There are 2 protein chains.
Amino acid sequence: MKITYKGDYALKTILDLAAHFGNGPVAINDLSRRLDIPTKFLEQILLDLKRAHFVESRRGKIGGYCLSRPPAQITLGEVTRFINGPVEPIACVDKKYSGCHDIGKCVFRDVWAEVNRSTARIIDNVTFEDLLKKSKKINKAFTYQI
Amino acid sequence: MKITYKGDYALKTILDLAAHFGNGPVAINDLSRRLDIPTKFLEQILLDLKRAHFVESRRGKIGGYCLSRPPAQITLGEVTRFINGPVEPIACVDKKYSGCHDIGKCVFRDVWAEVNRSTARIIDNVTFEDLLKKSKKINKAFTYQI
DNA sequence: GTATACTCTACTAATATAATAGAGATTATA
DNA sequence: TATAATCTCTATTATATTAGTAGAGTATAC
Ligand code: FES
Ligand code: FES
């Protein structure tokens, strides 16, 4: 698994929308400014996320984006896979891969499959509600420090 | 972690050299043919592996490559990291990453760090002796089937 | 001295990544 | 209804990475 800028941006965006869940749409410009993501790049990412039904949009004056589902029903794994593709380190874990003559005799495949499982176990069990709670806790701690 | 063709080839090459450990050098051409790796590409990979002291070489008529250390002392993790870089899914786990304003408040970083640890736990505990044993067992099983 | 095999540097084609550009469509509201 | 705000869509671009290829050079056994 490799998280690209696009993937990183998508996750931060979903988290921000999670924080505003239930409070009406959030404009791309607000997200872009708050998260420090190039506006035009974020536009594309949000369109992708919309096509995958992670978010919904509204056009016009009070337009913007909001989550399609409550934060508790969106996992880190889902979003990551959607933007950055499969979690496994090499394609042969899932499907055929021309790299190996005889996939049945390959001793590496099992190891990669184990990496796949162990990664999936982590990222598929973190919801955006979990992340939101954690985020609130951290920000509270910072407030107390000041 | 993402295993490229180069990484995949390197691992297969080390495994083949492990199988011939103690029996003198193996020529690039033999490796190339047996493992179905483009010869000139393999040349480069072997030079890389030599510079990292995974393998040693011998030139001339009975030249070729052999492992610098016994298979039990080379892990899958070492070779993978050398060819395909760090295991973590995003650079910020290790060092600074411009993606996040405030790395101290980032809620994703811990998750990526956990993915890093869990992956490392797997690949750093597999040696090429382990892989070799497994390979021999599989080939035996195939022989019995026939 | 020559065949065999490793060594080294440079080049290339294809793909992915991280944007940027600009015209178009929708909607609240004055 | 005009218009400002906002999302929508298609292209284009610069850079980096990947997966090779090419070819001249060096060492060694016989
Ligand atoms: S089948 Fe995937 S590395 Fe061998
Ligand atoms: S610090 Fe790495 S994703 Fe936030």
Side-chain angles (χ1 to χ4, degrees), chain A residues 1-13 17 24-33 35-66 68 80 82-86 89-91 97-99, chain B residues 1-13 17 20 24-66 68 80 82-86 89-91 97-99:
Chain A
M1 185 175 46
K2 204 79 204 158
I3 310 299
T4 59
Y5 271 81
K6 187 174 177 183
D8 183 36
Y9 292 162
L11 296 173
K12 285 172 185 163
T13 301
L17 293 179
V26 183
I28 294 180
N29 267 313
D30 292 345
L31 291 165
S32 164
R33 199 174 337 103
L35 305 174
D36 195 32
I37 301 171
T39 309
K40 294 300 271 181
F41 197 15
L42 184 55
E43 277 182 13
Q44 286 189 62
I45 294 167
L46 280 164
L47 283 173
D48 283 349
L49 291 172
K50 187 188 169 185
R51 287 183 196 115
H53 304 292
F54 287 111
V55 301
E56 282 166 9
S57 69
R58 202 190 158 128
R59 298 218 256 196
K61 201 135 192 179
I62 57 157
Y65 282 91
C66 48
S68 299
T80 298
F82 176 65
I83 301 287
N84 287 136
I90 192 167
Y97 175 65
S98 64
Chain B
M1 185 175 47
K2 203 78 204 160
I3 310 300
T4 59
Y5 270 81
K6 188 174 178 184
D8 182 39
Y9 292 162
L11 296 172
K12 285 171 184 164
T13 300
L17 293 179
H20 294 85
V26 183
I28 294 180
N29 266 312
D30 292 345
L31 290 164
S32 163
R33 200 174 336 101
R34 231 185 344 253
L35 305 174
D36 194 31
I37 300 172
T39 309
K40 293 299 272 179
F41 197 17
L42 184 55
E43 277 182 14
Q44 287 189 59
I45 293 167
L46 279 164
L47 284 173
D48 283 349
L49 291 173
K50 188 188 169 186
R51 289 183 195 114
H53 306 290
F54 287 110
V55 301
E56 281 165 9
S57 68
R58 202 189 159 131
R59 298 217 258 196
K61 199 135 191 179
I62 57 155
Y65 282 91
C66 48
S68 299
T80 297
F82 175 67
I83 301 287
N84 287 136
I90 193 166
Y97 175 63
S98 64

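The figures that follow rest on heavy atoms only: side chains count, while hydrogens, waters and symmetry mates do not. A note on names: the letters A, B, ... follow the listed sequences, proteins ahead of strands, and every chain is numbered from 1. Fair warning: this is a prediction, and the values are worked out from it, not measured in the lab.
Atom CG in A:Leu42 sits about 12 Å away from atom C1' in C:dA19, given to the nearest Å. Spacing between atom CZ of A:Phe41 and atom C1' of D:dA14 amounts to 13 Å, rounded to whole angstrom units. To the nearest angstrom, P of C:dA16 lies 12 Å from NZ of A:Lys6. Rounded to a whole Å, the CG atom of B:Leu46 is 14 Å from the C1' atom of C:dC8. Between the P atom of C:dC6 and the CZ atom of B:Arg59 lies a distance of 10 Å, rounded to the nearest Å. Rounded to whole Å, the distance from CD on A:Glu43 to P on C:dA18 is 18 Å. Note: CG (B:Asp48) to P (C:dT9) measures 12 Å, nearest angstrom. Rounded to whole angstrom, the span from the CG atom of B:Leu49 across to the C1' atom of C:dT7 amounts to 15 Å.
Neither OP1 nor OP2 of D:dT17 sits under 4.0 Å from any side-chain N or O of B:Thr4. Considering only side-chain N and O atoms, B:Tyr5 lies nowhere under 4.0 angstrom from the phosphate OP1 or OP2 of C:dT15. Look at B:Arg58 and you'll find a side-chain N or O under 4.0 angstrom from OP1 or OP2 of D:dA29. Distances shorter than 4.0 Å separate some side-chain N or O of B:Tyr9 from OP1 or OP2 on D:dG20. Contact annotation: A:Ser57 reaches the phosphate of D:dT8 (side-chain N/O to OP1 or OP2, under 4.0 Å). Dashed line: the shortest gap from a side-chain N or O of A:Lys50 to OP1 or OP2 of D:dT8 is under 4.0 Å.
The CG atom of B:Leu42 sits 9.0 Å away from atom CG of B:Asn29, with the distance rounded to the nearest 0.5 Å. Here the straight-line distance linking atom CG of A:Leu49 with atom CG of A:Leu11 works out to 9.0 Å at 0.5 Å rounding.
Among the heavy atoms of the strands lying under 4.0 Å from B:Ile62 are primed sugar atoms or P, OP1, OP2 only; no base atom is included. At a threshold of 4.0 angstrom between heavy atoms, the contacts of A:Gly63 are confined to the sugar-phosphate backbone, with no base atom among them.
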For this session: Show the numbers, then the answer: is there a side chain to side chain contact (heavy atoms under 4.5 Å, CB included) between A:Lys6 and A:Ile45?
Result: CA-CA 7 Å; A:Lys6 187 174 177 183; A:Ile45 294 167; 3.8 Å; yes
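Without hydrogens or angle criteria, A:Thr13 side chain to A:Tyr9 main chain gives a donor-acceptor distance under 3.5 Å. Checked by atom type and distance alone, the side chain of A:Ser32 pairs as donor or acceptor with a backbone atom of A:Ile37 at under 3.5 Å.
A donor-acceptor contact under 3.5 angstrom links the side-chain atoms of A:Gln44 to the base of C:dT20.
For A:Lys40, counting side-chain heavy atoms from C-beta on, the closest listed nucleotide (D:dG20, C:dG22, C:dA18) is C:dG22. Nearest to the side-chain atoms of A:Ala27 among the listed nucleotides D:dG20, D:dA19, D:dC7 stands D:dC7.
The nearest heavy atom of DNA chain C to A:Thr39 and to A:Lys61 marks one nucleotide each, and the one closer to the 5' end goes with A:Thr39.
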